[in-house]
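For clarity, every value in this text was computed on a predicted model and none was experimentally measured.
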Amino acid sequence: MSSSPPLVPALPADRPLLGIAFMLAAGLLFVILDTGVKWLGQSYSPVQVVWARYAGHMLVLAGYLAWLGLARCRELMRTESLFGQGLRGLLLFGASTFAYLALRELPILQVYVVNFSSPLLVTLLAIPLLKERVSLARGLAVAIGFVGVMVAVGPVDWRAQPAALLPFGMALCFALYQLTTRRFGRHDHPLTSLFYAGLAGALVSSAVVPLFWTPIAAADAPLFLGVGLLGAASQMALIMAMRCAPASLVSPFLYLQIVWASASGYLVFGDVPQLDTYLGAALIIGAGIFLATRRS
């Protein structure tokens with residue numbers, strides 16, 4: 001009698017080089033995804049693009065679940081907290097919406113640099129929400145990181161440029177998403193978390209997208225499809241990175257997105273990064289690596 005396939009292909013518990021490779025792939029896929037999002041955002045509502053991202057996510061996952069079979073699907077849908085998983089999904093949907101709105105108005109690199117501050121917010125918000133304690137060293141790292149955010153963003157007239165606030169909404173939602181993952185999803189299978197995160201985003205975006213719908217030109221249809229496929233592939237690469245190696249080892253490699261985002265912004269959209277952006281990013285990344293690799 002044949003056994004049913006595993007939910008995720010078995011991998012050795014400690015494969016650091018493979019974990020790093022998956023994380024590098026995830027970072028690159030995220031940037032390619034967001035480049036497509038920014039391109040589509042010039043002609044379509046970000047809500048419609050968010051819908052394409054989550055619809056594609058669920059189509060890819062549905063195909064995988066069909067291959068697993070009904071029994072394994074039921075196993076996958078079991079969760080320790082349906083409310084928690086739904087909350088995670090809504091926060092990720094909020095982060096995606098803020099990100100896609102920001103990408104329409106701002107350079108890719110600027111959006112990424114501000115999003116790099118999410119580990120700083122996780123550290124701060126974990127104090128009241130998870131009752132965690134923060135040492136003086138970690139507190140100083142957070143402070144330095146936020147100085148980096150101010151340096152990277154530079155002087156902004158918020159009333160004249162309200163779009164500059166959008167990446168901060170994205171970073172806040174993403175930080176809360178990470179905290180709810182730690183609170184509600186730590187005992188669930190990674191594919192369970194991936195399923196519910198995609199389901200929440202797909203349901204909400206499908207409910208509101210008719211209000212923002214613009215007919216999709218034939219030439220843009222492959223890019224819409226690509227956004228959906230890349231959304232699923234990038235999340236899966238991130239999960240596989242965490243399965244192969246400790247988060248403290250692989251997470252810092254995600255900061256190489258600054259290289260891909262700089263190249264994409266310049267080559268595709270003609271955005272020339274400012275020196276202040278790189279200086280601020282260096283402070284944020286340094287603080288983030290410190291927080292990822294030091295626990296006290």
Side-chain angles (χ1 to χ4, degrees), residues 5-37 53-54 56-65 67-68 72 76 85 88-89 92 95-96 99 108 111-113 115-116 118-119 122 170 174-175 177-182 185-198 201 225-264 281 284-285 288-295:
L7 290 175
V8 175
L11 290 170
D14 188 15
R15 292 285 299 274
L17 291 180
L18 187 58
I20 290 170
F22 272 121
M23 186 59 79
L24 291 173
L28 181 57
L29 288 172
F30 278 126
V31 173
I32 296 173
L33 165 64
D34 289 335
T35 300
V37 166
R53 180 255 182 272
Y54 280 102
H57 176 121
M58 291 308 295
L59 282 174
V60 171
L61 197 53
Y64 184 63
L65 294 179
W67 176 71
L68 289 176
R72 303 311 299 277
L76 173 65
Q85 287 287 4
R88 285 181 64 254
L92 185 60
S96 299
I108 290 179
V111 175
Y112 269 78
V113 168
N115 192 48
F116 287 160
S118 60
V122 167
M170 170 193 62
F174 191 58
Y177 164 77
Q178 293 177 72
L179 287 171
T180 52
T181 298
R182 281 161 57 174
R186 66 176 61 187
H187 300 301
D188 287 342
H189 193 281
L191 273 180
T192 303
S193 296
L194 186 66
F195 171 78
Y196 282 108
L225 179 61
V227 163
L229 295 176
L230 285 168
S234 56
Q235 288 293 333
M236 184 56 68
L238 194 64
I239 288 173
M240 298 304 286
M242 298 298 185
R243 286 175 65 85
C244 291
S248 59
L249 172 66
V250 297
S251 293
F253 287 91
L254 198 59
Y255 288 120
L256 280 174
Q257 284 180 314
I258 195 172
V259 177
W260 321 134
S262 297
S264 174
I284 299 168
I285 291 171
I289 291 175
F290 180 88
L291 293 173
T293 56
R294 178 165 174 161
R295 297 302 174 192

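To the nearest 0.5 Å, atom OG of residue S234 and atom CG of residue D34 are 8.5 Å apart. One finds the CH2 atom of W260 at 12.0 Å from the OH atom of Y112 (value rounded to the nearest 0.5 Å). For the atom pair CD1 (I285) and OH (Y255), the distance works out to 7.0 Å, reported to the nearest 0.5 Å.
Checking I20, L24, L18 one by one against F22, the side-chain contact (heavy atoms from CB on, under 4.5 Å) holds for a single residue, L18. The only member of L33, L225, V60 that meets side-chain contact (heavy atoms from CB on, under 4.5 Å) when paired with L230 is L33.
Taking the six-membered ring where the residue is Trp, Y177 and F174 present parallel rings, their angle staying beneath 30° rather than reaching 60°.
Within the 3.5 Å criterion, the main-chain N or O of A261 finds no donor-acceptor partner in the side chain of S264.
The shortest heavy-atom contact between Q178 and S118 is NE2-OG, 3.6 Å. Looking at every heavy atom in both residues, M23 comes nearest to L254 through SD-CD1, 3.7 Å. Closest non-hydrogen pair, F195 versus L61, comes out as CA-CD2, 3.4 Å. Pairing each heavy atom of S96 with each of R53, the nearest pair is OG-NE, 4.4 Å. Across every non-hydrogen atom of G198 and M58, the tightest pair is C-SD, 3.4 Å. Pairing each heavy atom of M170 with each of A99, the nearest pair is SD-CB, 3.4 Å.
Of the N and O atoms on the side chains of R88 and T181, at least one donor lies less than 3.5 Å from an acceptor on the other residue.
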